[in-house]
Amino acid sequence: MSESSSDWPTETIPVVPAADADDTGREESGRDESGRQDSGRDESGRSGSSGRPSPRPVAQHLAKVLANIGSIDPIQLALLDAQGLLLAEEIVADAPLPGFDNAAMDGYAVRAVDLRQASEAQPVSLPVVGDVLAGARSVSGMGPGLCMRIMTGAPIPPGADAVIPLEHTDRGVARVQIHRPVRSGECVRRAGEDLAAGALALAPGAILGPQQIALLAAVGHDRVMVQPRPRVVVISTGSELVDVGKQAGFGEVSDCNSYMLAAAARDAGADAYRVGIIPDDHARLLDVLDSQLLRADMIITTGGVSMGAFDIVKEALSQLGTVEFTTVAMQPGSPQGFGTLGRERTPIFCLPGNPVSSLVSFEVFVRPAIRKLLGKRNVHRQTIQAMALERMDSPEGKRQYRRGLLHREPDGRYSVSLVGGNGSHLIAALAASNCLVVIDEDVTEVVPGSRVTVHPLMLAQR
Ligand code: AMP
Ligand code: MG
């Protein structure tokens, strides 16, 4: 089936996971992105008529992942450390906000009745009996027919009921000439007009941006209970890997996945810890995982999940019985491991090693899981509908994620072209892209000018 439409919309639509379903798919290599999938699958992901196990649909795997992501206990953080997080407590104003009646302008505190006759032609002259500065801890009362010079934010003296701004006066010091009348209450900020004592300032679930942090500070909270950033541990596996900074010799490969995924995890809102490289060694892997469980809210490994003899992540973790390795009907990124480790049932994602497969897997499965741990209501990136600028082919039965470049046309609509080829080792093409072009399972061909779904990769706010 081909997808074609000339009136492509630009509105964003969320990617909604399908309902969870049982699955018994057996693993496949999933390394070859060019091979077409045989189409012996049914809705449940079980074997079709060919007798071969069918890969699990992306939406089904995502639903399964999210169903196994719980929540992290709230913690108390200093105000600025809580930025971007979700409030996990109710904040009630203990005192009124503002805390006292105060001046909204620089001017003179007056009694409105004294200025009833004031005009440009016949100003009213009042004796100035004192100054009230911002920060004044006590203020004496003010009798009829008198006034006090007052600064913005300073307490209104008892007896005064309005402030006449400086610009309607001659700015006198001992006496002042006032050129217009005022209403009672004019330029006075009333105690509690923002929040009454006992009123709800912020409800649980509020996202703490600068505005909310301002309110927390204003009502005197220097620490708040929040849903913490998940601590995400990132581990690269592969005996060929060397750390960045070391010259990669023949047969060696610089580890880019742990850097890429740590950056992606931070971008998703997590605190990322890059553990670095573990060689293809069963015992070393289990050792490191065991020690990392102490601090991790989530673990991500890359590499070693295919069918090879040295794919030790799959080999070591499938024996535990809590991590499932499966083939997902997607390209790239079809071999996926997901499950939990340890007493706390810490979620672990075992992603394929090819950098592009790894990042696509992160975007499709891990990022929503991190967003769920953060307590976000909408865990999915907003997708964009864009016009394909070129022809795109895709194997039937797999959801394909191609690297793309999303453009904004002069009329405001989006268009997208492909960057690089199909190979999931193409890191330079990945770096030149700003989106993934999503070609659905039932679409084999996208013709130029038709509409495609685009999953933006542009960095979001933490
Ligand atoms: P694997 O999934 O372990 O079979 O690895 C697939 C391909 O990805 C191999 O070519 C690996 O060398 C490469 N690869 C695996 N891990 C990394 C990594 N951390 N950084 C860069 N390339 C990697
Ligand atoms: Mg490997």
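Every number for a ligand or one of its atoms is a count from 1 in the order of the listing.
The shortest N or O to N or O distance between Gly353 and ligand 1 is below 3.5 Å. Checked by distance only, ligand 1 and Ser306 stay at 3.5 Å or farther apart across all their nitrogen or oxygen atoms. Looking at ligand 1, you'll find an N or O of Asn354 within less than 3.5 Å of one of its N or O atoms. Among the atoms of Gly304, some N or O lies under 3.5 angstrom from an N or O of ligand 1.
Between the side chains of Ser394 and Glu445, no donor N or O sits under 3.5 Å from an acceptor N or O. In the model, Tyr259 has a side-chain atom that pairs as donor or acceptor with a side-chain atom of Arg274 under 3.5 Å.
Taking 4.0 Å as the cut-off, Cys256 counts as a neighbour of ligand 1 on heavy-atom distance.
By the 30° and 60° cut-offs, the orientation of the rings of Phe338 relative to Phe349 is tilted.
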Where do Asp297 and Arg345 land on the salt bridge (charged side-chain N to carboxylate O under 4.0 Å, His left out) test, with the steps shown first?
-> CA-CA 9 Å; Asp297 295 312; Arg345 295 177 48 77; over 6 Å; no
Verify side chain to side chain donor-acceptor pair (under 3.5 Å) between Glu396 and Thr444, making sure each step is shown before the conclusion.
-> CA-CA 5 Å; Glu396 189 174 2; Thr444 54; over 6 Å; no
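Within a 6.0 Å sphere centred on CD of Glu193, heavy atoms belonging to other residues, nucleotides or ligands number more than 12.
Proximity of Ser254 to ligand 1, defined as any heavy-atom pair under 4.0 Å, is confined to the backbone N, CA, C and O atoms. Looking at Val253 against ligand 1, only its side chain comes within 4.0 Å, counting heavy atoms. Heavy atoms of Leu241 found under 4.0 angstrom from ligand 1 belong exclusively to the side chain.
Taking the six-membered ring for Trp and the full ring otherwise, the centers of His407 and Tyr414 sit at least 6.0 Å from each other.
Here is the list of ligand 1 atoms found below 4.0 Å of a heavy atom in Ser236: 19 (N).
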